[in-house]
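Below: the structure, in C-alpha cells.
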Amino acid sequence: MQIIHGAGAWTPPPAGAADDWVENLRVPDLSVGTYCIPAGGTDGQSPHTEDEIYVVTAGRARIVTPEGTAEVGPGAVIFVPAGEEHRFEDITEDLALLVVFGPAYGSRAPGR
C-alpha cells in the first residue's frame with residue numbers, strides 16, 4: 001500500500017507556464033498525476049497513447065472531444081480512451097484534476 005499525498009490538489013503552474021502536470025505515482029500498469037490549469041488558462045495537451053481517467057477535484061471548465069462537450073466541476077469523473085482528441089476550455093475557476101493513466105503515461109508511445 002502507498003498513500004499518495006497531494007495528488008489532485010491545486011497548485012499554481014510555474015511562472016510563465018500555461019498549466020502544470022506532476023506525476024505522483026508510476027508503476028508499469030498505471031500512473032497517477034495532478035494536472036492544474038488556472039482560470040482563463042489554456043489546455044495545450046494532445047491525445048495520449050494510454051486510456052485516461054480524470055477526476056475533477058476543484059474548479060470548473062468544459063471538456064471538448066469529437067464525441068461532444070460537457071460542463072465539469074468537482075466530483076466529475078471523465079473517461080478518455082487512448083488516442084481521442086480532448087481538451088479543457090472555458091476554465092472559469094482554477095482547475096485541478098486527478099489523472100489516472102492505464103497503462104502508465106507514455107508507456108505506449110512510439111519508441112518505448
For a quick test of reading the model, state the closest non-hydrogen atom pair linking [X] to [Y] and the distance between them.
{"X": "Val56", "Y": "Gly59", "result": "CG1-O, 3.8 Å"}
{"X": "Ala9", "Y": "Cys36", "result": "O-SG, 3.8 Å"}
{"X": "Ala61", "Y": "Leu95", "result": "CB-CD2, 3.9 Å"}
{"X": "Ala58", "Y": "Pro74", "result": "CA-CG, 4.2 Å"}
{"X": "Ser107", "Y": "Pro103", "result": "OG-CG, 3.4 Å"}

Check your understanding: Where does the angle between the aromatic ring planes of Trp21 and Tyr105 fall among parallel (under 30°), tilted (30 to 60°) and perpendicular (over 60°)?
Key -> tilted

Examine [X] and [Y] and state if one hydrophobic cluster contains both, with Ile, Leu, Val, Met, Phe, Trp and Tyr joined whenever side-chain heavy atoms are less than 4.5 Å apart.
{"X": "Val22", "Y": "Val27", "value": "no"}
{"X": "Phe79", "Y": "Val99", "value": "no"}
{"X": "Val55", "Y": "Val80", "value": "no"}
{"X": "Val77", "Y": "Leu97", "value": "no"}
{"X": "Ile91", "Y": "Trp10", "value": "no"}

Evaluate the side-chain proximity of [Y] to [X]: yes if any heavy-atom separation is below 4.5 Å, no if none is.
{"X": "Pro38", "Y": "Pro13", "value": "yes"}
{"X": "Asp20", "Y": "Pro14", "value": "yes"}
{"X": "Pro47", "Y": "Glu84", "value": "no"}

I'd like to know if the side chain of [X] and the backbone of [Y] have a donor-acceptor N/O pair within less than 3.5 Å.
{"X": "Asn24", "Y": "Thr34", "result": "yes"}
{"X": "Thr42", "Y": "Gly44", "result": "no"}
{"X": "Arg87", "Y": "Gln45", "result": "yes"}
{"X": "Thr57", "Y": "Ala96", "result": "yes"}

Rounded distance (nearest 0.5 Å) linking atom [atom1] of [X] with atom [atom2] of [Y]:
{"X": "Thr49", "Y": "Phe101", "atom1": "OG1", "atom2": "CZ", "value": "8.5 Å"}
{"X": "Glu89", "Y": "Ile63", "atom1": "CD", "atom2": "CD1", "value": "10.0 Å"}
{"X": "Arg62", "Y": "Asp90", "atom1": "CZ", "atom2": "CG", "value": "4.0 Å"}

Practice item. Take Phe88 and Tyr54, measure what ring-ring contact (aromatic ring centres under 6.0 Å, His included) needs, and give me the verdict at the end. Key: CA-CA 11 Å; Phe88 292 93; Tyr54 290 102; 5.0 Å; yes

Practice item. Please lay out, stage by stage, how His48 and His86 fare under the test side-chain contact (heavy atoms from CB on, under 4.5 Å). Key: CA-CA 9 Å; His48 311 295; His86 62 286; 3.5 Å; yes

Check your understanding: Which pairs count as salt bridge (Lys or Arg N to Asp or Glu O under 4.0 Å) when at least one residue sits in residues 27-55, sequence neighbours excluded?
Key -> none

